[in-house]
Q: 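If you scroll down you'll find the structure; I have some questions about it.
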Amino acid sequence: MRAEGGDPIERVVLLGYMCSGKSSVGESLARRLAWEFLDFDVEIERREGRRVWEIIDGAGEEHFRRLEAELTREVSGARGVVLAPGGGWVTNPDLLQALRPGTLSAWLRVSPSETVRRLVEDEADRPLKHHPDPIRPVSAMLQERERLYRQADLMIPGDGRSVEGLAFEIETVMRLRSAGG
């Protein structure tokens with residue numbers, strides 16, 4: 001399979017805001033490809049022995065971003081892996097470049113209203129979940145990060161679509177690129 005620029009696709013990184021489906025789609029895509037799946041937040045929590053919010057509360061967001069950067073460097077040469085970094089990972093554009101060549105990046109684009117709907121329904125205690133008007137900060141952050149997400153090789157619209165449908169679309173693009181299409 002070939003990434004942007006003709007390099008073989010050795011890994012996929014899913015980009016997107018909180019509740020965009022990176023973890024769910026990543027698990028599905030990895031299963032479809034018979035690849036490994038790595039959720040950055042889960043791995044960092046495992047290594048640190050505490051939840052992401054505890055890491056950020058205790059050591060600060062900058063420390064957490066350093067942990068993400070370290071993990072990115074560790075997996076930059078991995079093959080046959082689907083990566084799901086946190087929503088803020090994209091704010092360090094050097095990290096996406098550290099994964100290239102051989103990486104297909106896919107932005108799971110979800111509207112602010114869909115993000116808030118998923119946020120409210122999610123069982124996890126996420127930032128902004130208990131905000132009195134989450135649509136405003138979600139919209140502002142999505143708008144602020146859009147130029148960063150647009151650096152992805154693919155933009156996959158996610159509103160109203162199933163996890164399996166999104167994974168299938170990414171897999172199909174990968175197979176088409178592999179065939180030279």
Side-chain angles (χ1 to χ4, degrees), residues 1-33 35-43 52 65 68-69 71-72 75-76 78 81-119 122 124 126-128 134-135 137-178 181:
M1 294 185 211
R2 307 238 168 256
E4 202 68 27
D7 295 308
I9 298 173
E10 298 173 335
R11 71 200 69 77
V12 173
V13 62
L14 300 175
L15 308 177
Y17 191 64
M18 154 179 69
C19 296
S20 63
K22 297 179 302 291
S23 297
S24 302
V25 173
E27 286 178 357
S28 177
L29 180 60
R31 189 173 47 255
R32 295 177 75 86
L33 298 171
W35 283 11
E36 296 295 319
F37 172 67
L38 180 63
D39 183 310
F40 277 40
D41 287 353
V42 171
E43 179 62 15
V52 168
R65 297 295 174 214
E68 286 182 317
L71 184 53
T72 301
V75 299
S76 64
V81 64
V82 177
L83 307 170
W89 179 87
V90 75
T91 60
N92 182 346
D94 294 340
L95 298 180
L96 183 56
Q97 292 307 317
L99 291 176
R100 291 185 169 137
T103 300
L104 178 71
S105 56
W107 171 26
L108 302 178
R109 186 177 188 182
V110 180
S111 70
S113 59
E114 178 68 7
T115 299
V116 170
R117 185 191 69 73
R118 293 178 184 186
L119 176 65
D122 196 348
R126 296 178 178 266
L128 304 176
I135 195 76
V138 166
S139 296
M141 194 166 288
L142 281 169
Q143 185 175 7
E144 179 183 311
R145 291 182 181 172
E146 184 168 342
R147 66 177 178 76
L148 301 170
Y149 292 136
R150 286 192 179 279
Q151 295 176 37
D153 301 315
L154 304 173
M155 188 279 291
I156 310 290
D159 285 17
R161 299 186 59 202
S162 72
V163 166
E164 289 301 319
L166 295 168
F168 176 76
E169 182 172 343
I170 297 167
E171 178 190 23
T172 300
V173 168
M174 292 173 69
R175 297 202 186 285
L176 286 170
R177 288 189 180 186
S178 176

Q: Using only atom types and a distance under 3.5 Å, with no angle test, would you say the side chain of Arg11 pairs donor to acceptor with the backbone of Ala78?
A: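 Checked: pair present.
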Q: Check whether any side-chain heavy atom of Leu95 lies under 4.5 Å from a side-chain heavy atom of Leu99, and answer yes or no.
A: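 Of all side-chain heavy-atom pairs linking Leu99 with Leu95, none is under 4.5 Å.
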Q: Given the rule in the side-chain contact (heavy atoms from CB on, under 4.5 Å) test, do Glu169 and Leu154 qualify, once you have shown the distances and angles that lead to the verdict?
A: CA-CA 10 Å; Glu169 182 172 343; Leu154 304 173; over 6 Å; no
Q: Before giving the answer on side-chain contact (heavy atoms from CB on, under 4.5 Å), spell out for Leu33 and Arg175 the whole-Å C-alpha distance, their side-chain angles and the decisive distance to 0.1 Å.
A: CA-CA 10 Å; Leu33 298 171; Arg175 297 202 186 285; 4.0 Å; yes
Q: Could you note down all residue pairs passing side chain to side chain donor-acceptor pair (under 3.5 Å) where residues 84-93 supplies at least one of them, sequence neighbours left out?
A: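 Every side chain to side chain donor-acceptor pair (under 3.5 Å) pair that includes a residue of residues 84-93, provided the two are not neighbours, is Thr72-Trp89.
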Q: Between Val82 and Leu14, does a side-chain contact (heavy atoms from CB on, under 4.5 Å) hold up when you go through it step by step?
A: CA-CA 8 Å; Val82 177; Leu14 300 175; 4.2 Å; yes
Q: Roughly how far, to the nearest 0.5 Å, is CZ of Arg117 from CD1 of Ile135?
A: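 If we round to the nearest 0.5 Å, Ile135:CD1 and Arg117:CZ are 12.0 Å apart.
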Q: Could you tell me whether the side chain of Val13 reaches within less than 4.5 Å of the side chain of Pro85, counting heavy atoms only?
A: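 They are in contact (side-chain heavy atoms under 4.5 Å apart), so the answer is yes.
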Q: Given Phe40 and Val75, is the side-chain contact (heavy atoms from CB on, under 4.5 Å) satisfied, shown in steps?
A: CA-CA 10 Å; Phe40 277 40; Val75 299; 4.2 Å; yes
Q: Does Tyr149 use its side chain to pair, donor to acceptor, with the backbone of Tyr17 at less than 3.5 Å?
A: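 Confirmed, Tyr149 side chain pairs with Tyr17 backbone.
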Q: Just by modelled atom types, is the Asp153 backbone N or O under 3.5 Å from a matching donor or acceptor in the Ser105 side chain?
A: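 A pair under 3.5 Å: yes.
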Q: Around Glu36, counting heavy atoms of other residues, nucleotides and ligands shown, do more than 12 lie under 6.0 Å from its CD?
A: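 Incorrect, the count does not exceed 12.
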Q: So Glu146 and Arg109, do their side chains get closer than 4.5 Å, heavy atoms only?
A: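 SC-SC contact between Arg109 and Glu146 confirmed.
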Q: Are any non-hydrogen side-chain atoms of Arg150 and Arg147 less than 4.5 angstrom apart?
A: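 No; the side chains remain at least 4.5 Å from each other.
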Q: Please tabulate, for the side chains in residues 23-31, all donor-acceptor contacts under 3.5 angstrom to protein atoms that are two or more places apart in sequence or on a different chain.
A:
unit_1	atom_1	unit_2	atom_2	d
Ser23	OG	Asp39	OD2	2.4
Ser28	OG	Glu164	OE1	3.0
Ser28	OG	Glu164	OE2	2.8
Arg31	NH2	Glu164	OE2	3.1

Q: Can you tell me how far the OG atom of Ser20 sits from the CG atom of Leu142, to the nearest 0.5 Å?
A: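 Atom-to-atom, Ser20:OG and Leu142:CG are 9.0 Å apart.
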Q: Backbone N or O of Leu108 within a donor-acceptor pair of the Lys22 side chain at under 3.5 Å?
A: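 Such a contact is absent between Lys22 side chain and Leu108 backbone.
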Q: Under 4.5 Å between any side-chain heavy atoms of Trp35 and Val12, yes or no?
A: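 Sidechains of Val12 and Trp35: in contact.
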Q: So which of Thr172, Leu176, Ile170 actually passes side-chain contact (heavy atoms from CB on, under 4.5 Å) with Met174?
A: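 It is Ile170, the one option of Thr172, Leu176, Ile170 that forms the side-chain contact (heavy atoms from CB on, under 4.5 Å) with Met174.
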Q: Check whether any side-chain heavy atom of Leu15 lies under 4.5 Å from a side-chain heavy atom of Gln151, and answer yes or no.
A: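 No, side chains not in contact.
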Q: Quick check: does any side chain N or O of Asp159 sit under 3.5 Å from a backbone N or O of Glu114, one acting as donor and the other as acceptor?
A: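 Side chain of Asp159 to backbone of Glu114, a donor-acceptor pair under 3.5 Å: no, none is there.
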Q: According to ring-ring contact (aromatic ring centres under 6.0 Å, His included), who are the partners of Phe37, at least two apart in sequence or on a separate chain?
A: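 Listed in chain order: nothing, the list is empty.
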